[in-house]
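The structure appears right after this line, and notes come after that.
The basis for the numbers below is simple: all heavy atoms, side chains too, and nothing from hydrogens, waters or symmetry mates.
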Amino acid sequence: MATETVAKPRTSVRVGVQKFGTFLSGMIMPNIGAFIAWGIITAFFIPAGFTPNADLAQLVGPMITFLLPLLIGYTGGRMVYGIRGGVVGAAATMGVIVGTDIPMFIGAMIMGPLTAWIMKKIESLWENKVKPGFEMLIDNFTAGIVAAVMAIVGMLVIGPVVKAFSDGASSVVEFLVTNGLLPFTSIFIEPAKVLFLNNAVNHGILTPLGTEQALAQGKSILFLLEANPGPGVGILLAYTIFGKGLAKASAPGAALIQFVGGIHEIYFPFVLMKPVIILAAIGGGMTGIFTLVLTGAGLRSPAAPGSIIAVFAATPPDSFVGVALSVLLAATVSFLIASVILKSSKTPDEDELGAATTRMETMKGKKSSVSSALAGAGAGGVAVLAGPVKNIVFACDAGMGSSAMGASVLRNKIKAAGFPDVKVTNSAIANLSDTYDVVITHQDLTERAKPVTSSAVHVSVDNFMNSPKYDEIVELVRSSNASDGGAAATTAGGAATAVAEPEPEAEAGPSGILVAESVVLNGTATSRDAAIDEAGRLLLDRGAVDSGYLDAMHEREESVSTYMGSYLAIPHGTNAAKDHIMKSAVSVVRYPNGIDWNGKEVKFVVGVAGINNEHLQILSSIAKVFTNKAQVAQLEAATTVDEVLALFGKVNS
């Protein structure tokens with residue numbers, strides 16, 4: 001017990017630092033293209049460039065002073081609070097830009113997420129309390145006020161503080177260079193890379209400082225401290241010649257991916273397999289940096305990814321020899337050190353690479369995007385969980401109908417299994433990000449969701465209401481979260497007791513979303529399309545939507561069926577049709593004799609139109625009804641509209 005207690009804090013600190021590093025790099029990496037664009041313009045058009053042009057060189061200053069910090073501030077804000085967070089983050093970043101005379105990358109990395117976080121916390125105070133019709137007014141003025149205040153704070157407070165820090169950090173770097181100590185930074189940088197802290201070091205510290213240095217001097221050595229591909233390729237070449245088994249067979253392909261593709265992550269398992277190999281990486285890194293110091297070489301802009309192609313593309317004319325020697329000598333030294341270690345090692349490598357890859361993924365917290373090149377991918381290259389399941393998302397085209405009901409069904413199952421802390425949400429596919437552990441989509445939408453959620457486990461279902469895959473997902477949660485303690489409290493007898501938060505009671509037709517006029521007990525339609533029209537007209541008659549929304553309901557149905565199972569279909573518009581919604585509303589039409597819905601029998605058609613999340617409560621109620629056979633039978637036998645409203649309204653009580 002004592003050992004376990006001691007180990008957990010270390011793990012949580014490491015994971016916390018990794019997450020912080022990932023967050024920092026998340027603000028920089030999406031904007032690397034803009035950094036490269038600035039580097040290209042600088043390389044060609046400044047007076048010392050390849051093709052000097054005074055007119056075009058005017059782009060250099062505004063891009064680095066305004067464009068790049070604003071992009072970083074917007075990206076950081078969006079990571080915290082979506083597009084609105086991005087907007088206020090960019091506006092607040094303008095304050096630190098105006099308040100200083102240096103490129104405000106670090107200031108942008110502070111102001112963007114900080115401003116978005118503040119607005120998120122402020123708006124949570126009145127969430128779901130604003131009267132319908134006033135949402136836009138409140139949202140816009142909140143964003144404007146927060147952005148204005150934070151821009152002033154950035155200009156008067158944050159900007160000067162960041163400038164002082166930047167000046168101090170630059171002085172430290174200058175001291176290290178002057179005293180020949182810069183190569184010793186490899187003692188920290190190379191192990192940090194293997195621990196997935198490279199992004200925090202490179203994009204969180206070195207890129208902002210290097211960009212300031214490059215602006216003043218035309219190049220910076222800092223861009224190559226972490227990105228030099230030499231140490232990694234040297235290690236992989238040593239495994240190619242002196243390795244054994246799978247490690248030896250995998251090393252040549254890994255070397256190509258690392259050196260040309262710039263994916264340094266692929267050599268990390270080779271170090272983890274024999275941790276003493278880190279000495280080779282440190283030796284190679286120190287050699288590369290020492291060579292850069294001697295030759296006075298550097299890069300104009302960040303080399304991302306750390307490919308030899310990207311490195312040379314960012315190299316100014318007077319640094320080609322120095323940079324080439326830096327990479328070559330770094331690779332040579334790391335190769336020699338790793339070769340000695342491998343030749344003197346008597347431990348067989350045959351079975352170690354797969355275990356090392358697994359350890360790497362566990363440290364990273366998710367499936368590695370390049371691990372299949374080392375130990376082979378799972379079935380079809382599907383991501384495999386490397387930790388407990390914390391976030392599950394249901395994704396559909398609009399993110400407001402079928403996915404919301406599916407999320408409600410699975411959320412209840414997972415809570416009943418004793419894991420109420422597992423977050424189950426729904427989203428439009430267009431709004432997905434690679435932050436989920438499990439992504440559930442209709443089988444016709446899975447291929448659309450995979451590219452933007454590549455590290456998640458993907459589950460395809462043919463209906464969202466009663467898919468047998470839900471039980472499999474619950475088992476996945478139970479097995480993956482077992483070591484994490486789950487969310488279950490263990491009784492004295494050893495049985496797990498679910499600790500589920502009570503759900504709020506849902507009243508019939510919250511905020512008038514479902515009203516008696518929108519419930520029809522005997523629909524007249526005899527086909528799927530006619531049923532969609534009938535449910536849609538009820539929404540239209542209430543003034544909830546315009547006629548364009550009905551067209552979007554048919555468009556959605558042609559793309560992916562809204563059949564949910566249990567005799568239920570919930571037609572709704574596409575994600576692009578939200579502008580056609582005037583207010584949230586739900587309609588219910590019953591077809592006692594059933595109608596054919598793409599080969600499935602449907603007796604209940606629920607039309608859905610939702611603004612924000614106002615309709616989700618009634619959808620949750622509907623989902624609970626249709627997962628209960630007895631309540632479905634009551635709906636079939638209902639003789640009055642009030643019975644239907646009462647059943648939907650009381651289901652959460």
Side-chain angles (χ1 to χ4, degrees), residues 24 27-78 83 85-116 147-148 150-156 158-167 169-170 203-220 222-223 298-304 310 313-317:
L24 291 179
M27 286 185 272
I28 299 291
M29 287 302 292
N31 300 306
I32 284 295
F35 276 87
I36 293 174
W38 170 77
I40 291 173
I41 291 172
T42 302
F44 278 91
F45 305 126
I46 62 174
F50 294 119
T51 56
N53 185 306
D55 292 331
L56 295 177
Q58 295 180 73
L59 288 168
V60 174
M63 286 182 73
I64 196 171
T65 302
F66 298 102
L67 175 64
L68 297 179
L70 288 173
L71 285 174
I72 293 170
Y74 174 83
T75 305
R78 182 168 182 170
I83 293 177
V87 171
V88 297
T93 298
M94 198 66 195
V96 293
I97 292 173
V98 174
T100 58
D101 56 0
I102 62 173
M104 261 295 112
F105 299 132
I106 295 177
M109 296 169 78
I110 295 172
M111 295 305 298
L114 175 62
T115 305
M150 291 304 292
I152 295 171
V153 171
M155 180 176 177
L156 301 179
I158 305 297
V161 171
V162 172
K163 187 178 188 303
F165 167 80
S166 181
D167 291 342
S170 297
H203 299 303
I205 300 173
L206 298 180
T207 293
L209 294 177
T211 304
E212 293 176 20
Q213 194 177 77
L215 182 64
Q217 303 174 13
K219 60 187 175 183
S220 174
L222 301 181
F223 290 135
L299 302 184
R300 293 192 199 92
S301 59
T315 302

Which heavy atom of G298 sits nearest to which heavy atom of P316, and what is that distance? O-CD, 3.2 Å
CE on M111 to OG1 on T93, rounded to 0.5 Å: 6.5 Å
Taking the side chain as C-beta and beyond, is there a heavy-atom pair between V96 and V162 under 4.5 Å? no
Rounded distance [0.5 Å steps], CG in L59 versus CG in N53: 9.5 Å
T100 and G159 have their tightest heavy-atom pair at CG2-O, 3.3 Å
Would you say I83 and R78 make side-chain contact, with heavy atoms under 4.5 Å? yes
Between P69 and A108, the two heavy atoms sitting closest are O-CB, 3.2 Å
Within the structure provided, determine whether I97 and F66 are in side-chain contact (heavy-atom separation under 4.5 Å). yes
Do I72 and N31 have side-chain heavy atoms sitting under 4.5 Å apart? yes
Tell me every residue that passes side-chain contact (heavy atoms from CB on, under 4.5 Å) with V153, counting only those two or more places apart in sequence or in another chain. V149, V157, I158
Is the shortest side-chain heavy-atom distance between M150 and V88 below 4.5 Å? no
CE of M109 to OG1 of T75, rounded to nearest 0.5 Å, is 10.5 Å
Going from OG1 on T115 to CD1 on I110, what distance comes out if it is rounded to the nearest 0.5 angstrom? 10.5 Å
Drop me the distance from F45's CZ to L56's CG, to the nearest 0.5 angstrom. 4.5 Å
Looking at every non-hydrogen atom in both residues, tell me the closest pair between A116 and G77 and how far apart they are. CB-O, 3.4 Å
CE-OG1 distance between M63 and T65, expressed to the nearest 0.5 angstrom: 11.0 Å
